[in-house]
Asker: 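What follows is a structure written as structure tokens; I'll ask about it next.
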Amino acid sequence: MSELELGLRTGAILVLLAGGVFFTFVSAVGVIRLPDVYARAHTASQTDTLGAGLVVGAVVLTYGFETEVIKAVLLLVFIFITNPTAAHAAARAAYVEGIEPWTEGEERR
Amino acid sequence: MLVPVGESVTLRQTVGYAVGVAEETDASAIHFVVPVAWHSAGDVEPAVRREVETLLDRVQVWAREDASGTTPAVETAIIGEEQYMFSPDDYAGVLADYADAHGVERIVVDPEYSPGGNVPLLRAMEVSLVERGYTVEEAPVETPVRRSRLTRPGGAVQFGLLFAVSFLFYQLLGGFAIVTGDTFDLFYELVTGTIAAGIVAGSLHRVTMSERPRLRRLGVQLVRLSLYVPYLLYEIVKSNILITFIILHPRLPIEPRLTRVRVAVWGGSPLTTLANSITLTPGTLTVRADGQYLYVHALFPSAREGLFAGTLERAVRFVYYGRAAAAVATPEERGDTELLQRPEEDADAGASVRSGEGSSEETRREGERSEEARTEDERSEEARTRDDRSDDDRTPPGDGGGA
């Protein structure tokens, strides 16, 4: 592998990682800033979609296209299935408890 | 004598017992009734009605079969059609009305009968009936050895399919050493893979598939799914960027609303796929699924519009039913969308704001007819209160429809 190629690859990995960290960070900010349980559940799914997605992308690039990549992608598939289920469970619990969604102008809770 | 009936494993025995008791006590007639809650039946009402009717026919035939000599008259009826039945007491009330109308005092129930579908209502209903002064008696049936509810009849197709998937998955985790490795690897992977997949398929082939898989259709759906996934990823990225903007915006321009959408996909896995996709897309979150209704929390107006425009729904229909089915009207055009301000109980009390004008069909069924007339007023009312409330302009761009 030429030096240029290595440099490009490292750069791409860094960009992907930075993106993943950024979106995870934004998601954490969202959990703090958003006003109620429903709204927070929205942003939690962000971590797992773009956050984890970009990091897995970085893993793929790091390993090159080898068997570990398959596992990384499988990981992503499972996250994509389990994450909405968990978010849904949390939101549904709130709904069943009768918690009213926050609307504009109300107190944060 | 009154016997509320429904599909159950011990129905046959209950009918036999009821006929026996009726003959012993010289009852003049046996009434077999099916309390139905059509309101939960939605679109499938004719099919459900037919099912109930065949059930009653069957019961009638059985009753005649069991009757000897002094045959009591056998009557069947569908009751509670006009009522909203939800609690055990509602069911008891409907039964009591029928019993009074026909001068019945003795009620025989099938212990396996479940009036509320999966919701266990029977015992409470019995108590409520006893409190109303009826003689309630459970038929002494022998429950047949109950098969676990999870298992379904499975055959070679289920086994084969599950075996193939498990075997592939095993090889996938093993990095396909079966192809890339040497002879030892080949045998090793082959033997261990077969054992593992055999255990999985053997123990689970009766559990995993809800219906007999049709391989060709499954294949076509898989191909369509592979087209759907990139589209879903695109949607996810798009809304991720939007929600990032909103979260980092100093004023946090959100306008969360609980919405209810009657989606045009049918059955377990399409509905699950759609609900999961909606939740995966930041900005919309499936809160509850109730039959064909999805309760979706939308964080900002454009997410709501996207939901009502039904792009994901259309894509899911494409995956499961093909291109022709994808062309159904959007939920908004169908009038299947609705804004709820809060969880349902309050919304039903009149706080819900409708978004589509065409939702009259649903309105009538829910018995909220008066609400439609109020919609316009309420909507402007709501807009006013919102303006009053917000000190700064929280309304993000693209919000034309709210006010």
Side-chain angles (χ1 to χ4, degrees), chain A residues 19 22-23 25-51 53-54 66-71 73-74 76-77 79-88 90-106 108, chain B residues 169 172-177 180 229 232-233 236-237 239-241 243-249 252-258 272 275-289 295-300 303 340-346 382 385-391 394-395:
Chain A
F22 172 73
F23 281 109
F25 172 74
V26 168
S27 164
V29 172
V31 169
I32 296 167
R33 287 200 74 192
L34 289 169
D36 76 339
V37 55
Y38 298 102
R40 288 185 180 124
H42 282 279
T43 183
S45 72
Q46 215 188 350
T47 320
D48 293 331
T49 50
L50 263 199
L54 292 178
E66 286 181 27
T67 53
E68 282 77 7
V69 172
I70 299 172
K71 288 173 194 168
V73 171
L74 276 178
L76 203 60
V77 170
I79 289 175
F80 269 46
I81 295 172
T82 51
N83 157 59
T85 312
H88 167 71
R92 186 172 182 278
Y95 183 92
V96 170
E97 279 292 304
I99 297 174
E100 294 179 12
W102 178 92
T103 45
E104 307 88 87
E106 285 177 24
R108 287 170 45 88
Chain B
F169 187 70
L172 205 65
L173 289 184
F176 282 110
T180 54
V229 168
L232 179 64
L233 286 178
I236 286 173
V237 170
S239 52
N240 250 311
I241 290 167
I243 206 173
T244 301
F245 169 76
I246 283 172
I247 286 173
L248 296 183
H249 194 288
L252 199 64
I254 58 170
E255 197 183 305
R257 283 288 178 283
L258 194 59
T272 311
N276 255 13
S277 304
I278 286 173
T279 307
L280 264 180
T281 321
T284 49
L285 169 74
T286 313
V287 174
R288 225 187 111 190
Y295 292 71
V296 180
H297 188 260
L299 199 54
F300 40 88
L340 309 172
Q341 289 293 79
R342 49 203 70 169
E344 203 173 8
E345 308 85 69
D346 299 316
E382 206 244 351
T385 14
R386 191 163 60 216
D387 288 345
D388 292 345
R389 277 178 187 163
S390 52
D391 325 1
R394 280 166 183 274
T395 319

Asker: Sequence neighbours left out, what passes side chain to side chain contact (heavy atoms under 4.5 Å, CB included) with A/Leu74? Give chain and number order.
Answerer: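 A/Ile70, A/Phe78, B/Phe169, B/Leu172, B/Leu173.
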Asker: Can you tell me how far the CG atom of B/Asn276 sits from the CZ atom of A/Phe80, to the nearest 0.5 Å?
Answerer: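 These two atoms lie 11.0 Å from each other.
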Asker: Under the 3.5 angstrom rule, does the side chain of A/Arg33 hit a backbone N or O of B/Ile247 as a donor-acceptor pair?
Answerer: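 Flag set: sc A/Arg33 to bb B/Ile247 pair under 3.5 Å.
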Asker: Is the shortest side-chain heavy-atom distance between A/Tyr38 and B/Leu299 below 4.5 Å?
Answerer: no
Asker: How many angstroms lie between CG in A/Leu50 and CD1 in B/Ile243, if you round to the nearest 0.5 Å?
Answerer: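 Those atoms lie 11.0 Å apart.
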Asker: Enter the distance from B/Leu285:CG to A/Arg40:CZ here, rounded to the nearest 0.5 Å.
Answerer: 13.5 Å
Asker: Is chain A contacted by the side chain of B/Leu233, its backbone, both, or neither, given a heavy-atom distance below 4.5 Å?
Answerer: side chain
Asker: Can you name the closest pair of heavy atoms from A/Ala91 and B/Val287 and give their distance?
Answerer: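 What the structure gives for the nearest pair is O-CG1, 3.7 Å.
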